[in-house]
Amino acid sequence: MSLLAERFGRQCMACAHMAPRRLPNISTISSFQQVRVFSGTQQHLRVGGHSKTGKTQIREHSQDDGKSQFRKILKNDGPPSFKSFGGGSKGGSQGQFGGSRPAIRRGGPARGKEPWLNRPRKDVNMEEYTKQRLFKFRKDFKLFWQEELSGNFKYEEALDWLDLYEGKVMVQNFSQPESDAFPDAQDGDQVPDPLELKRAQSVGEEVFDSLLREGFRIFALGEGKMPIAELQKELTDLQYPHEWYPETRTMQRTWILHVGPTNSGKTYQALKRLEACESGVYAGPLRLLAHEIYEKFNAKGISCNLITGEEQRLEHAVAKVTSSTVEMVDMNRVVEVAVLDEIQMIGDKFRGWAWTQALLGVRAKEVHMCGEERTVDIIKNLAALTGDKLIINRYNRLGPLNTATESLGGDWKSITKGDCVVTFSRKDIFAIKKTIEETTGTRCAVVYGGLPPETRSQQAKLFNDQSNEYDVLVASDAVGMGLNLSIQRVIFETLTKYDGESVKPLEIPHIKQIGGRAGRYRVAPSIPAPGKAVPIPEVVPAVGVLPAAPNPGVVTTFEKADLKLLTAAMKADVPPIKTAGVHPPDRIIEKFAKTFPPRKPFSAVLEELVKRAKVNKDLFHLCSVDDLMHAAGVVEATKGLTVAERITIAQAPLPKRDATVKQNLIAYSKLIAESRSGGILDVEDMQLQVLDEYLAQKEMDAEAAAEHARKASKKQLEEIRGEVTAAKDGVIEILPRLESLHKSTMLWLWLSYRFPSVFTPRETAFQVKQITEDAIQDALSRARYDRARKLKKRAKHERALGHTSLYGDVPPITKGSQFANPWGITTRTGATASASG
């Protein structure tokens with residue numbers, strides 16, 4: 001028998017009275033009763049009082065009495081830690097090795113006539129007191145290890161667990177011991193909380209020390225049964241991600257891979273199969289795509305729900321199809337057909353894990369994948385790994401795509417109806433928009449990544465509609481995916497892009513995907529006949545009947561110096577995708593984080609996970625966790641968040657360069673930590689005043705336009721009648737603030753589906769979202785930007801890069817330049833492309 005059992009086996013743990021403990025028949029104890037463990041000796045955990053002994057008659061408490069005592073504690077002393085009891089509704093649990101920590105009754109023995117029992121107790125700094133007793137525990141730890149843990153751990157390994165245990169105990173909030181809201185208690189860690197420690201301290205040092213020792217023993221044995229280093233090694237072994245989905249592995253699935261270039265009909269064929277199935281799911285890369293499928297299926301009379309990170313429309317109790325973003329695919333639902341769109345994203349270094357997760361884990365009899373030819377090899381390897389059957393369908397482009405032999409030569413007058421000019425910054429987009437409108441007299445729609453998906457869709461409709469004056473599209477690479485656009489010619493204004501750190505050449509697959517939008521006809525609206533779903537052809541021309549041979553799409557550049565690079569890129573063979581992205585599941589991240597002291601920053605824990613992670617490099621690559629680390633760092637200072645909550649918040653959609661949204665995330669995280677309800681109108685950092693400022697700016701512009709109209713001649717008045725307002729740079733300045741407000745609102749909505757009791761009501765947030773989108777749409781129709789500023793900035797960048805430009809006196813490209821052949825392109829003829837000359 002251990003020292004603990006020998007000393008305390010026959011006395012009350014609450015008051016140290018030498019009263020014999022009633023030893024029940026263990027076999028009669030039901031599973032829900034409270035049991036404690038001292039060195040393997042099971043003892044019934046009494047709620048209070050002593051068993052009958054000799055002349056001293058002390059009432060034995062029945063189960064009902066125990067409940068009444070607990071009710072008294074709740075009523076008089078406030079809620080205790082529910083972890084002290086083997087059952088209960090607030091997460092009480094029995095240890096893996098047979099018991100919870102002993103519950104310490106407050107105040108020790110019942111107070112009697114003895115005067116020493118009624119002495120006032122001196123207030124103690126519990127944090128300092130606990131630190132001192134832990135220090136003593138460490139001094140005597142070797143003896144404790146020999147008696148209790150030598151059969152489970154080596155001494156050095158036990159010391160590692162002690163370090164972790166001390167950290168978890170001391171990280172708690174000792175300033176409010178009566179509170180039940182302790183971060184570690186919410187995490188389910190079996191460490192004594194401040195309320196238990198305070199009660200034990202009020203009894204005496206022996207009881208306090210025994211609570212620390214018993215807590216450590218349960219913590220160390222119950223947490224892992226192995227050394228921390230070995231546990232961390234096991235958790236960071238990510239070589240077999242297909243084993244994370246055991247239910248799916250029991251199914252015999254068929255994979256159908258649809259591959260081909262843009263506008264080849266591959267996605268159409270997969271969606272036709274989804275329409276015909278009994279149950280299915282669509283998973284796309286963008287909320288915009290998921291929303292499009294949702295509307296299209298419901299318009300055809302096919303019941304479809306929408307599930308994205310920021311929005312859920314569950315209009316049907318049992319929907320035939322669920323349209324979602326790929327991260328939101330339900331791995332528990334069994335369906336007949338699953339469609340994974342843009343499967344080439346499986347090789348992406350940031351989001352590839354989501355496609356890998358969906359492909360390996362979705363419980364569908366048929367898994368249809370749509371993407372590029374370069375995915376064939378990796379899909380074959382993954383199918384061999386899982387044992388699923390693979391069928392490959394290849395498609396050709398419906399219409400030809402040609403690279404022009406001449407550029408626009410820097411002449412904006414060459415812009416014609418149906419053109420799409422591609423550039424890569426907001427200011428460049430509005431500068432080009434203003435120049436084209438002033439030079440050609442045509443209106444320009446704009447699309448870029450910072451716009452809300454709904455606004456992008458509205459701008460695309462303006463461009464596709466031939467009955468209005470929006471004949472040209474100015475866009476970023478956001479046009480490469482998720483929008484059906486009637487583009488005749490794609491014009492690259494530049495082939496470089498700022499990636500947040502430096503200006504770099506576009507990658508070949510990126511150029512091909514954007515260029516492939518040329519010649520693509522928009523999909524017809526899905527409007528079924530009354531009471532009947534009518535099949536819709538895949539593509540239709542903007543006007544009239546679909547021609548047998550559609551007009552070819554054309555790709556070119558604005559500057560002559562870029563044309564050779566573009567031609568080489570469009571002819572180049574794109575290398576196959578070799579590996580699929582993986583990411584550790586949340587449950588692994590949580591367990592890994594708990595092997596470190598709680599004071600270790602969560603972002604540092606993620607960094608440590610990346611360093612130690614082991615993957616099968618022949619099939620997988622570990623996706624970047626930079627975004628998670630960034631979000632985790634933003635809320636690092638927020639106290640009271642559990643590990644699970646930090647993991648969830650780290651996955652929130654947070655733009656890295658938007659300080660306003662970051663500030664709002666901090667405010668949101670505090671609401672979560674404090675379990676406070678936070679309506680979107682109650683968040684102080686929400687800059688709702690930007691809507692008032694925009695309306696005020698609009699009224700000022702309208703007054704200025706009216707004043708101009710009063711001074712104008714009758715002919716001039718007719719020309720400006722119906723115009724919104726003369727555009728000014730003020731709109732450009734307020735537009736990013738409107739976009740920040742929209743992102744903050746979408747972040748609030750994203751969190752509302754993870755923390756529904758905190759972020760409520762959603763209806764108000766959706767109203768703010770709609771108002772902001774309307775303001776952004778209105779601002780786009782009025783926005784201009786002084787192109788002179790843009791040209792000056794561009795010339796500065798290109799001088800630094802040594803890139804040929806018509807904007808200034810810039811040295812021409814030479815064969816030794818980094819932009820002579822930035823990709824090391826090898827064309828189909830085997831020659832290396834050059835941009836010199």
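No experiment lies behind these values; they were computed from the predicted model shown. Numbering of residues begins at 1 and proceeds along the displayed sequence.
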Going by the rule side-chain hydrogen bond (donor to acceptor under 3.5 Å, both in side chains), which residues pair with [X] if we only count those two or more places apart in sequence or in a different chain?
| X | answer |
| --- | --- |
| Thr248 | none |
| Ser303 | none |
| Gln651 | Asp586 |
| Gln767 | none |

Looking only at side chains, do Glu292 and Asn484 share a donor and an acceptor under 3.5 Å apart?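 Checked: Glu292/Asn484 side chains pair up, N/O donor to acceptor below 3.5 Å.
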I'd like to know if the side chain of Ser324 pairs up with that of Thr322 as donor and acceptor (distance under 3.5 Å, no hydrogens or angles considered).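 No.
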With rounding to the nearest 0.5 angstrom, report the [atom1] to [atom2] distance, [X] to [Y].
| X | Y | atom1 | atom2 | value |
| --- | --- | --- | --- | --- |
| Leu451 | Ile429 | CG | CD1 | 8.0 Å |
| Asn396 | Asn263 | CG | CG | 12.0 Å |
| His742 | Thr745 | NE2 | OG1 | 7.0 Å |
| Ser476 | Phe424 | OG | CZ | 7.5 Å |
| Ile378 | Ile343 | CD1 | CD1 | 10.0 Å |
| Trp750 | Phe755 | CH2 | CZ | 7.5 Å |

For the pair [X] (side chain) and [Y] (backbone), establish whether a donor and an acceptor sit closer than 3.5 Å, ignoring hydrogens and angles.
| X | Y | answer |
| --- | --- | --- |
| Thr567 | Leu563 | yes |
| Arg249 | Trp244 | no |
| Ser323 | Leu306 | no |
| Arg456 | Val479 | no |
| Asp465 | Leu462 | no |
| Asn298 | Cys304 | yes |
| Arg397 | Thr262 | yes |
| Glu493 | Thr423 | no |
| Tyr753 | Gln312 | yes |
| Lys389 | Ala383 | no |

So does Lys349 have more than 12 non-hydrogen atoms from other groups sitting under 6.0 Å from NZ? no
Is it the case that over 12 heavy atoms from other parts of the model lie below 6.0 angstrom from the CD atom of Glu243? yes
Minimum heavy-atom separation for [X] and [Y], please, with both atom names.
| X | Y | value |
| --- | --- | --- |
| Ala404 | Val554 | CB-CG1, 3.9 Å |
| Leu289 | Tyr282 | CB-OH, 3.8 Å |
| Pro285 | Glu342 | CG-CG, 3.7 Å |
| Ile589 | Pro584 | CD1-O, 3.6 Å |
| Val555 | Ala518 | CG2-CB, 4.4 Å |
| Asn305 | Ala319 | ND2-CB, 3.4 Å |

Between [Y] and [X], is there a salt bridge with N-O shorter than 4.0 Å?
| X | Y | result |
| --- | --- | --- |
| Glu311 | Arg762 | no |
| Arg587 | Glu590 | no |
| Lys614 | Asp237 | no |

Holding to salt bridge (charged side-chain N to carboxylate O under 4.0 Å, His left out), I want the full list of residues that pass it with Glu327, two or more places apart in sequence or in another chain. Arg351
Sequence-distant partners of Glu454, salt bridge (charged side-chain N to carboxylate O under 4.0 Å, His left out), two or more places apart: Arg287, Lys769
Among all residues two or more places apart in sequence or in another chain, which pass the ring-ring contact (aromatic ring centres under 6.0 Å, His included) test with [X]?
| X | answer |
| --- | --- |
| Tyr294 | His291 |
| Trp355 | none |
| Tyr470 | none |

Taking the side chain as C-beta and beyond, is there a heavy-atom pair between [X] and [Y] under 4.5 Å?
| X | Y | answer |
| --- | --- | --- |
| Glu507 | Lys497 | no |
| Pro453 | Leu286 | no |
| Lys656 | Asp626 | yes |
| Lys365 | Cys277 | no |
| Glu773 | Gln458 | no |
| Val326 | Met345 | no |
| Pro509 | Gln513 | no |
| Leu485 | Val447 | no |

Could you walk me through whether Val329 and Gln357 satisfy the side-chain contact (heavy atoms from CB on, under 4.5 Å) test, starting with their C-alpha distance in whole Å, then the side-chain angles of each, then the deciding distance to 0.1 Å, before giving a yes or no? CA-CA 9 Å; Val329 173; Gln357 170 186 271; 5.9 Å; no
Under the side-chain contact (heavy atoms from CB on, under 4.5 Å) rule, what do Leu654 and Asp627 come out as? Steps first, then yes or no, please. CA-CA 8 Å; Leu654 179 69; Asp627 290 344; over 6 Å; no
Verdict with supporting geometry, Lys320 and Glu275, salt bridge (Lys or Arg N to Asp or Glu O under 4.0 Å): CA-CA 9 Å; Lys320 178 179 178 179; Glu275 290 179 11; over 6 Å; no
With sequence neighbours excluded, what pairs up with Glu247 under the side chain to side chain contact (heavy atoms under 4.5 Å, CB included) test? Arg363
Would you give me the side-chain donor-acceptor pairs under 3.5 Å for residues 616-623, sequence neighbours excluded?
residue, atom, partner, partner atom, Å
Asn616, OD1, Asp618, N, 3.1
His621, ND1, Thr579, OG1, 2.9
His621, NE2, Asp348, O, 3.4

Which residue pairs satisfy the side-chain hydrogen bond (donor to acceptor under 3.5 Å, both in side chains) criterion with at least one member in residues 368-387, sequence neighbours excluded?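 Every pair satisfying side-chain hydrogen bond (donor to acceptor under 3.5 Å, both in side chains) with a residue in residues 368-387: His258-His368, Glu366-His368, Glu372-Arg374, Glu373-Arg394, Thr386-Asp388.
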